[in-house]
Number of protein chains: 2
Amino acid sequence: MIRVVVVDDEHLVRAGLRLILEAAEDITVVGEAADGAGALEQTHRLRPDVVLLDVRMPGVDGLTVAPEVIAAGAKVIMLTTFDLDEYVHRALRAGAVGFLLKDTPPRELAAAVRTVAAGNAMLAPTVTRRMISSFAERGPARRDAARQRLTPLTPRELEIVREVARGLGNAEIARRLTMSEATVKAHVSRALAKLQAGNRVQLAILVHDADLL
Amino acid sequence: MIRVVVVDDEHLVRAGLRLILEAAEDITVVGEAADGAGALEQTHRLRPDVVLLDVRMPGVDGLTVAPEVIAAGAKVIMLTTFDLDEYVHRALRAGAVGFLLKDTPPRELAAAVRTVAAGNAMLAPTVTRRMISSFAERGPARRDAARQRLTPLTPRELEIVREVARGLGNAEIARRLTMSEATVKAHVSRALAKLQAGNRVQLAILVHDADLL
DNA sequence: GAAGACCCCTACCCGCCGTCCGGGCCGGAC
DNA sequence: GTCCGGCCCGGACGGCGGGTAGGGGTCTTC
């Protein structure tokens, strides 16, 4: 049995959610709250599996308490009427594993609770859509290309180029890796030649695009 | 009525999918294919709304034809047995708006078809989960922070720092912006002081994190 | 209208970066 | 063994990068 706490400032919405979720055999609503503070208290006392959390609420809002609720051991599904990008960003960064609009059909709402309880994630279709877009354009395309370009480097060279990409000077790198500054320069020089780069800045850019640090 | 084409090399799978989808009142399966070439032909001939495309197939596989199928005007949902990261990356980059595992319950499969037909996206819960993780850590958090740090720069300074971030040398920047190399150095120096950076490499990193170019 | 603040430009000095050259070390080929 | 090639190290030079000081231009502010 999946134990759920419902949080929303309008009791009508709470009642509706309770009705929908209790209709499912494997879900039980063990508590309700009307604001962030109540949500946190209920979570600590009742130890639910999943907390449905409204984004906008008087007092402490949903996005603010989400991290603490999660820290208390519950999975969080954010609920909102409008799917603003900023809400989504903050929610996901806060650790929420679900983000649904309030017009979600009852059946999918229950499915989302089960999905989240099972350790997976569920987003509203419109959110998923935008996420895919940003993923496709800023996805691992450039990352893989950059990694490909870095392959001719020897392990030692790569190690040094990484330090370069952190913005360190040759002297600093030499101290950290316990070698002469001249040696660092030699490695950097070789890397520049292999990658056909003119600057150490270009090395740094490559490493960053490759997502190494 | 949503028109669907089903593509899989095993006719047993095709039959199963047809059975599941035809059970929905608002969905009809108008065609089947066993490989990528067939999928493309069917798509051009039948003009379906949605194409369910298996990833691994003999001959032309699903990931390869996906872009052409999409170009032909259909939405694509990728189907696979194993949710390997690489499949997901390639599929989404190819423009697929759905990615489901073959163990998806019939009800959700039909829901996915409707979701996609409506212009939205649907991913398997495990995929969504991993996507959120990578999004949360590498989200716009650092980007906004970096932009914030860059605000004290004057327009001219920012312009020059951008060129620095492209890996250009001071001389090259001077030529492109038609000014003395000494001027470039002064601007860079001011930027370094304002941002408390020690290197031009660190400037480049900031600009890259801010997603400017 | 004068002071001040801000931005843009320029000229010189020094330290760091990058190149060229060379040596020691370990692996495989024969 | 010997040769060979790749990798890691080091030293000495030229050039680029960065710091400092200062001049001219425009817009606010009193």
Side-chain angles (χ1 to χ4, degrees), chain A residues 144-213, chain B residues 144-213:
Chain A
D144 292 341
R147 292 213 173 147
Q148 200 57 32
R149 286 202 56 187
L150 290 175
T151 47
L153 296 186
T154 72
R156 195 63 163 165
E157 285 164 353
L158 183 61
E159 191 177 2
I160 286 163
V161 168
R162 269 190 175 186
E163 301 298 314
V164 170
R166 297 183 50 199
L168 300 180
N170 290 334
E172 180 72 17
I173 297 175
R175 232 180 309 119
R176 297 207 183 191
L177 301 186
T178 58
M179 68 174 99
S180 165
E181 182 181 346
T183 305
V184 176
K185 291 182 184 178
H187 282 295
V188 172
S189 191
R190 283 180 167 277
L192 288 174
K194 283 184 181 178
L195 302 178
Q196 302 174 10
N199 269 329
R200 61 170 35 213
V201 176
Q202 295 176 15
L203 292 184
I205 294 170
L206 266 178
V207 173
H208 258 65
D209 285 349
D211 259 345
L212 304 172
L213 262 183
Chain B
D144 293 342
R147 292 212 173 147
Q148 200 58 32
R149 287 201 56 188
L150 290 176
T151 46
L153 296 185
T154 73
R156 195 64 165 164
E157 284 165 354
L158 182 61
E159 190 177 2
I160 284 163
V161 168
R162 268 191 178 183
E163 300 299 314
V164 169
R166 296 183 51 199
L168 300 180
N170 290 335
E172 181 71 17
I173 297 174
R175 231 178 311 121
R176 296 207 183 193
L177 303 185
T178 56
M179 67 175 101
S180 165
E181 181 181 345
T183 305
V184 177
K185 290 183 182 178
H187 282 296
V188 172
S189 193
R190 290 175 81 84
L192 288 174
K194 284 183 180 176
L195 302 178
Q196 301 174 10
N199 269 329
R200 62 172 34 214
V201 176
Q202 295 176 16
L203 292 184
I205 293 171
L206 266 179
V207 173
H208 258 66
D209 285 348
D211 257 345
L212 304 172
L213 260 183

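Below, all heavy atoms of this structure are taken into account, side chains as well, without hydrogens, waters or symmetry copies. Since this is a predicted model, take the numbers as computed values, not measurements. Order of the sequence lines sets the chain letters (A, B, ...), proteins ahead of strands, with each chain counted from 1.
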Requested in this report: Return the nearest nucleotide to the side chain of B/Ser189; candidates are D/dG19, D/dG18, D/dG10.
Outcome: D/dG19
Query raised in the report: So, B/Lys194 and B/Glu157, do they make that salt bridge, N to O below 4.0 Å?
Result: yes
Query raised in the report: Among B/Lys185, B/Arg200, B/His187, B/Glu181, which residue meets the side chain to side chain donor-acceptor pair (under 3.5 Å) test with B/Asn170?
Result: B/Arg200
Requested in this report: Tell me which of B/Arg200 and A/Lys194 sits closer to the 5' end of DNA chain D, going by the nucleotide each one is nearest to.
Outcome: A/Lys194
Requested in this report: Could you please name the option among D/dC9, C/dT19, C/dT10 that lies closest to any side-chain atom of B/Met179?
Outcome: C/dT10
Report summary line: When B/Ala182 and B/Arg190 are each assigned the nearest nucleotide of DNA chain C, the 5'-most assignment goes to B/Arg190
Query raised in the report: Would you say A/Arg190 has more than 12 foreign heavy atoms packed within less than 6.0 Å of its CZ?
Result: no
Report task. Starting at atom CG of A/Leu168, determine the distance to atom P of C/dC17, rounded to an integer number of angstrom. Result -> 10 Å
Query raised in the report: Separation of A/His187 atom NE2 from D/dG6 atom P, in whole Å?
Result: 16 Å
Requested in this report: For B/Ala186, report the nucleic acid contact type (base, sugar-phosphate, nothing); a contact means any heavy atom under 4.0 Å.
Outcome: base
**Report entry** Separation of C/dC9 P from B/Glu157 CD (nearest whole Å)
**Finding:** 11 Å
Requested in this report: Looking only at non-hydrogen atoms, find the nearest pair between B/Asn199 and A/Leu168 and report the distance.
Outcome: ND2-C, 3.8 Å
Query raised in the report: Hey, are B/Glu159 and B/Arg162 close enough for a salt bridge, meaning a charged N less than 4.0 Å from a carboxylate O?
Result: no
Query raised in the report: Can you check the A/Glu181 CD to D/dC13 C1' distance for me, whole Å?
Result: 14 Å
Query raised in the report: Within this structure, what is the NZ-to-C1' distance between A/Lys185 and D/dG10, rounded to whole angstrom?
Result: 11 Å
Report task. Hey, which sits more toward the 5' end of DNA chain C by its nearest nucleotide, B/Asn199 or B/Ile160? Result -> B/Ile160
Query raised in the report: Does A/Arg156 place a side-chain N or O at less than 4.0 Å from the phosphate oxygens OP1/OP2 of D/dG6?
Result: no
**Report entry** Presence of A/Asn170 side-chain N/O under 4.0 Å of C/dC17 phosphate oxygens OP1/OP2
**Finding:** yes
**Report entry** For atom CD1 of A/Ile173 and atom P of D/dC8, their distance in whole Å
**Finding:** 15 Å
Query raised in the report: What is the nucleic acid contact for B/Thr183, judged by heavy atoms within less than 4.0 Å: base, sugar-phosphate only, or nothing?
Result: base
Requested in this report: Would you tell me if any nitrogen or oxygen in the side chain of B/Thr154 comes within less than 4.0 Å of OP1 or OP2 on C/dC8?
Outcome: yes
Query raised in the report: Taking CD from B/Gln196 and P from D/dG18, how many angstroms apart are they, rounded to a whole number?
Result: 17 Å
**Report entry** Distance, rounded to the nearest Å, where A/Leu158 contributes CG and D/dC8 contributes C1'
**Finding:** 15 Å
Report task. Examine D/dG11: is either OP1 or OP2 under 4.0 Å from a nitrogen or oxygen in the side chain of A/Ser180? Give yes or no. Result -> yes
